[in-house]
> 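The structure's right below; bear with me while I get my questions together.
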Amino acid sequence: MEQPQKLRSIITVNEFIRRQEKLTGVATGEFSGLLMDLILASKIVHREVNKAGLVNILGTEGSANVSGDTQMKLDVFANEQFLAALEVGGHCLAAASEELEGIVCFEGGRQRGARYIVALDPLDGSSNIDVNVSIGTIFAVFRVDEPGKLVTEKDFLRPGKELVAAGYVLYGSSTMLVFTTGQSVNGFTLDPSLGEYCLSHPEIRTPEVGSIYSVNEANLNDMPEGVKNYLASCKTKNNPAGKVHTARYIGSLVADFHRNLLKGGIYLYPATAKDPQGKLRLLYECAPLGFICEQAGGRASDGNRSVLELKPDTLHQRCPLFIGSAAMVRHAESFLNG
Ligand code: AHG
Ligand code: MN
Ligand code: MN
């Protein structure tokens with residue numbers, strides 16, 4: 001007969017955060033509260049994603065977002081849920097989002113003397129929404145120097161190395177939360193029957209080298225010569241893996257990144273003739289995933305230097321991205337510099 005699972009063998013994300021708080025001695029509960037707000041919003045988005053095929057939430061909303069991409073209904077929904085959770089929770093001073101031109105400040109957080117600001121890609125992989133393919137959410141958390149501060153856009157224009165936490169939610173065959181507070185990277189899988197994220201991937205380390213490469217190769221003719229030459233090397237044995245690579249590209253950054261993080265590989269979205277700065281956004285795509293990747297032993301680069309060194313000049317600034325197994329990213333960089 002199947003034995004019931006011992007409850008004590010499950011570590012929920014709430015329990016994990018409590019233990020981490022004790023370990024780090026930061027026992028104010030403020031930061032944990034902020035994470036719990038984000039987690040609540042992610043569960044609401046998970047619920048909506050899972051019934052998306054059944055209700056009229058699919059399809060294009062019609063409007064374009066501030067970066068000129070077509071906005072889907074679920075993008076709007078996810079944006080609203082995350083912003084509402086941050087506002088109601090009272091642990092956040094202000095948020096920036098892919099779906100908002102400017103920042104939004106939360107009066108409640110200010111009155112409570114909150115210290116955190118959050119940058120979000122509420123729904124990543126929007127072209128995959130209406131075909132039931134994995135999508136995600138990315139979040140980046142900074143701390144401001146003065147509790148309850150009146151935040152301006154400038155407070156968000158900081159390099160990724162100043163992040164205090166970053167994470168993503170993958171709405172895939174299971175929903176997963178992966179985050180780091182700058183110590184280790186841990187992954188939690190949502191058990192829908194419990195409504196709890198349970199620790200499933202403790203202390204993730206990404207392989208130093210792998211053999212997956214992920215790129216929208218349809219753009220090849222528009223890519224810099226160095227990138228073309230690097231991609232040619234992926235098709236030979238003349239690379240750190242010493243073997244011909246395998247191509248995997250979902251078109252949802254979170255999903256492509258997550259697979260490569262676990263299996264070893266590289267994701268690249270270089271500058272192209274159409275997008276001279278690349279397509280991805282520094283503040284809420286490249287920096288948070290770069291922070292996670294480097295905490296897991298990988299590397300994230302714009303082709304020249306770590307994306308964590310780059311300070312954005314504007315909220316929606318784009319940046320070329322080469323991210324994944326450290327040896328592979330360094331190999332790619334060697335084609336670009338020199
Ligand atoms: P978003 O849906 O948040 O706008 O992000 C889309 C991004 C990223 O998720 C994905 O890897 C990339 O765009 C795909 O771009 P291409 O369709 O140009 O390959
Ligand atoms: Mn995105
Ligand atoms: Mn998005």
Side-chain angles (χ1 to χ4, degrees), residues 38 41-42 45 48-49 52 58-61 63-83 95-101 118-140 166-172 178 212-223 227 231 247-261 265-290 292-293 300 307 312 315-324:
L38 291 165
S42 79
V45 173
E48 214 58 28
V49 167
L58 298 178
T60 306
E61 177 77 271
S63 54
N65 68 23
V66 290
S67 301
D69 306 323
T70 310
Q71 198 169 27
M72 318 293 265
K73 282 184 183 175
L74 209 53
D75 301 51
V76 180
F77 180 84
N79 188 47
E80 284 172 3
Q81 292 304 323
F82 277 94
L83 294 180
S97 162
E98 182 187 2
E99 306 301 334
L100 298 176
E101 189 163 353
V118 177
L120 285 167
D121 180 353
L123 210 291
D124 174 67
S126 36
S127 69
N128 283 323
I129 292 173
D130 53 1
V131 287
N132 205 8
V133 170
S134 299
I135 49 183
T137 294
I138 308 172
F139 59 88
Y168 62 85
V169 182
L170 171 64
Y171 311 98
V178 175
I212 297 173
Y213 76 110
S214 308
V215 62
N216 187 342
E217 218 161 352
N219 297 327
L220 188 75
N221 291 343
D222 285 343
M223 290 181 194
V227 178
L231 291 173
R248 292 285 183 274
Y249 192 72
I250 295 168
S252 291
L253 172 61
V254 167
D256 281 308
F257 171 75
H258 178 73
R259 179 201 52 243
N260 293 358
L261 181 74
I266 184 171
Y267 173 101
L268 52 149
Y269 210 113
T272 63
K274 180 168 153 256
D275 293 309
Q277 295 307 313
K279 180 184 181 189
L280 302 173
R281 275 53 63 109
L282 176 54
L283 180 61
Y284 43 81
E285 292 183 314
C286 304
L289 294 188
I292 294 165
C293 189
V307 293
L315 289 180
H316 301 286
Q317 186 170 316
R318 297 175 192 261
C319 138
L321 181 65
F322 301 78
I323 189 168

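We count ligands from 1, going down the list as the structure has it; atoms in each ligand are counted the same way. Keep in mind that what you see is a predicted model, and the values were worked out from it rather than measured.
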> Numbering the atoms of ligand 1 from 1, which are under 4.0 Å from a heavy atom of Ser252?
9 (O), 11 (O)
> Sequence neighbours excluded, which residues qualify as side chain to side chain contact (heavy atoms under 4.5 Å, CB included) partners of Glu217?
Tyr213, Val215, Leu220, Leu231, Lys235
> Do any side-chain atoms of residues 253-261 form donor-acceptor pairs under 3.5 angstrom with protein atoms, and if so which ones, sequence neighbours left out?
unit_1, atom_1, unit_2, atom_2, d
Asp256, OD1, Ile250, N, 2.8
Asp256, OD1, Arg259, NH1, 3.2
Asp256, OD1, Arg259, NH2, 3.0
Asp256, OD2, Ile250, N, 3.1
Asp256, OD2, Gly251, N, 3.0
His258, ND1, Tyr168, OH, 2.7
Arg259, NH2, Ser214, OG, 2.9
Arg259, NH2, Arg248, O, 3.3
Asn260, ND2, Ser214, OG, 3.1
Asn260, ND2, Ile266, O, 3.3

> Among the N, O or S atoms that Asp121 has, which is closest to the Mn ion (ligand 2)?
OD2
> Measuring from the heavy atoms of Gly251, does anything fall under 4.0 Å of ligand 1?
yes
> Find, among atoms of Glu98 that are N, O or S, the one nearest to the Mn ion (ligand 3), and state its name.
OE1
> For the Mn ion (ligand 2), give me the closest N/O/S atom belonging to Asp124, just the atom name.
OD1
> Verify whether one side chain among Asn128 and Ser252 offers a donor that lies under 3.5 Å from an acceptor in the other.
yes
> Which single N/O/S atom of Glu285 lies at minimum distance from the Mn ion (ligand 2)?
OE2
> Just wondering, are more than 12 heavy atoms of other shown residues or ligands nearer than 6.0 Å to CG in Asn216?
yes
> Distance under 4.0 Å to a non-hydrogen atom of Leu253: what atoms of ligand 1 satisfy this?
8 (C), 9 (O), 10 (C), 11 (O)
> Hey, does Leu123 sit under 4.0 Å from ligand 1 if you only count heavy atoms?
yes
> Tell me the nearest of Thr137, Asp121, Asp124 to atom 5 (O) of ligand 1, using heavy-atom distances.
Asp124
